[in-house]
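In listed order, ligands and their atoms are each counted from 1.
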Amino acid sequence: MPLNTFKRALAAGETQIGLFLGLANAYTAEVVATTGFDWLLIDGEHGPNDLRTIIAQLQALAPYPVRPVVRTVDHDVARIKQLLDGGAQTLMVPMVESAADAEKLVRAMRYPPNGIRGVGTAMARAARWNGVNGYFAQADQEMCLIVQIESTTGLAAIDEILQVEGVDAVFIGPSDLAASMGYLGNPGHPEVKAAVEGAIRKISAAGLAAGVFSADPAAAEAYRQIGASFLLVGVDALLLRNSAVALADKFKAAGQTAAGGAAY
Ligand code: 3PY
Ligand code: MG
C-alpha cells in the first residue's frame with residue numbers, strides 16, 4: 001500500500017514548499033521533481049489537464065521523493081473517484097464554501113460505510129490493479145483532503161469548515177479571494193493580505209495545516225512566519241516564461257519583448 005507521506009508531513013507540522021505544475025506535461029513534471037521542492041500541485045482546475053495527463057504526471061513523479069497533490073476541477077464525485085483510482089491520494093479542491101461542501105468531499109474520498117467512493121480496483125492504478133493486499137482496509141486512512149477557501153462566502157464559513165472531520169488542511173487562494181473582495185488581479189492588496197493572515201491564524205489555531213500561494217517570496221515568507229505550513233511559491237509556466245523573457249531581453253532592443261505583469 002503506498003503511504004501518503006504528504007499527509008503525514010502536514011500532520012507533523014513540517015513545512016512543505018511547493019510549486020504549481022500548470023504545463024500539463026509529464027516530462028516537465030519530472031524535470032521539476034529533480035529540483036528540491038517538497039510538493040508539487042498538478043493543477044486540474046486551471047491547467048489544461050485531463051485524467052490521462054494527470055495520471056501520466058503522477059507516474060513521472062512516482063520515483064522521486066517529491067509529494068504530488070492533484071487539484072480537482074470542481075467538486076464532482078465521479079471525477080474525484082477517477083482521480084483516486086488513478087493513484088491520487090491528496091486532493092486540493094477549489095471553492096469550498098460551506099461545511100456541507102467539505103462533508104461531501106470527505107465522503108467522496110472514502111469507501112462505504114464511511115463515504116460513497118465507488119469500488120473498481122481491478123481498473124485502478126491506486127490499488128495496483130488488485131495487486132495491493134488489503135487495499136480496502138487501508139485506502140481511506142491514506143486519503144488527504146485539502147479544501148480551498150477562496151471567497152468571502154467561504155471565509156464567512158471558515159469556522160464550520162474547520163470542524164468537519166476528515167478535512168486535513170485548508171489552503172487559501174489569494175487570487176480568487178481578492179476577486180471576491182472586489183480586488184480582481186490584486187492578491188497583494190492590504191485588505192486581502194489581512195484576510196489571508198486572519199484565515200491562516202484560524203486554521204492553525206484549529207490544529208489543521210494552513211496553506212497559501214504567493215509568487216512574491218517576501219509575502220510567502222510572511223505567511224510562513226504566521227503559521228502557514230505548506231506553501232506554493234511559484235508556477236512552472238511562469239518560471240519558464242519569465243526566464244525566457246529575461247534571456248530574450250538581453251539580446252533584443254527595449255520594448256521588443258513581452259514582459260507582461262498580471263498576477264496569477
Ligand atoms: C487562488 O489564489 O485563487 C488559487 O486558487 C491559488 O492560490
Ligand atoms: Mg483559486
Which of the atoms in ligand 1, numbered in the order shown and given with their element, are less than 4.0 Å from a heavy-atom of P174?
1 (C), 2 (O), 7 (O)
Where on R71 is there a heavy atom closer than 4.0 Å to ligand 1, on the side chain, on the backbone, on both, or on neither?
side chain
Counting distance only, does the side-chain N/O of R125 pair as donor-acceptor with the main-chain N or O of G86 below 3.5 Å?
yes
Which N, O or S atom name in D176 marks its closest approach to the Mg ion (ligand 2)?
OD2
For E45 and ligand 1, does the shortest N/O to N/O distance drop below 3.5 Å?
no
Is it true that M95 and V196 fall in one hydrophobic cluster, defined by side-chain heavy atoms closer than 4.5 Å?
no
Which of the atoms in ligand 1, numbered in the order shown and given with their element, are less than 4.0 Å from a heavy-atom of G173?
1 (C), 2 (O), 3 (O), 4 (C), 7 (O)
Sub-4.0 Å heavy-atom contact, H46 with ligand 1
no
side-chain contact (heavy atoms from CB on, under 4.5 Å) partner of V170, the single match among V96, V212, L145, I149:
I149
For F171, counting its heavy atoms only, list the atoms of ligand 1 lying under 4.0 Å from any of them.
7 (O)
May I ask you to check whether E97 and S151 show a side-chain donor-acceptor distance below 3.5 Å?
yes
Residue from L23, N25, I42 passing side-chain contact (heavy atoms from CB on, under 4.5 Å) with N49
I42
Options I172, L41, L177, D176, ranked by nearest heavy atom to atom 3 (O) of ligand 1, top entry:
D176
Closest approach to the Mg ion (ligand 2) by E150, given as the N, O or S atom name
OE1
Check ligand 1 against S175 and write out every atom of the ligand that is under 4.0 Å from a heavy-atom position of the residue.
1 (C), 2 (O), 3 (O)
Given the side-chain rings of F171 and F213, with only the six-membered ring counted for Trp, is the space between their centroids under 6.0 Å?
no
Would you kindly say whether E197 and Y223 are connected by a side-chain donor-acceptor distance under 3.5 Å?
no
Suppose we only count N/O/S atoms under 2.8 Å; would E45 qualify as near the Mg ion (ligand 2)?
no
I'd like to check which ligand 1 atoms, numbered from 1 as shown, lie under 4.0 Å from a non-hydrogen atom of F213.
7 (O)
Whether the side chain of E142 engages the backbone of N4 through a donor-acceptor N/O pair (distance < 3.5 Å, no angle test) should be reported.
yes
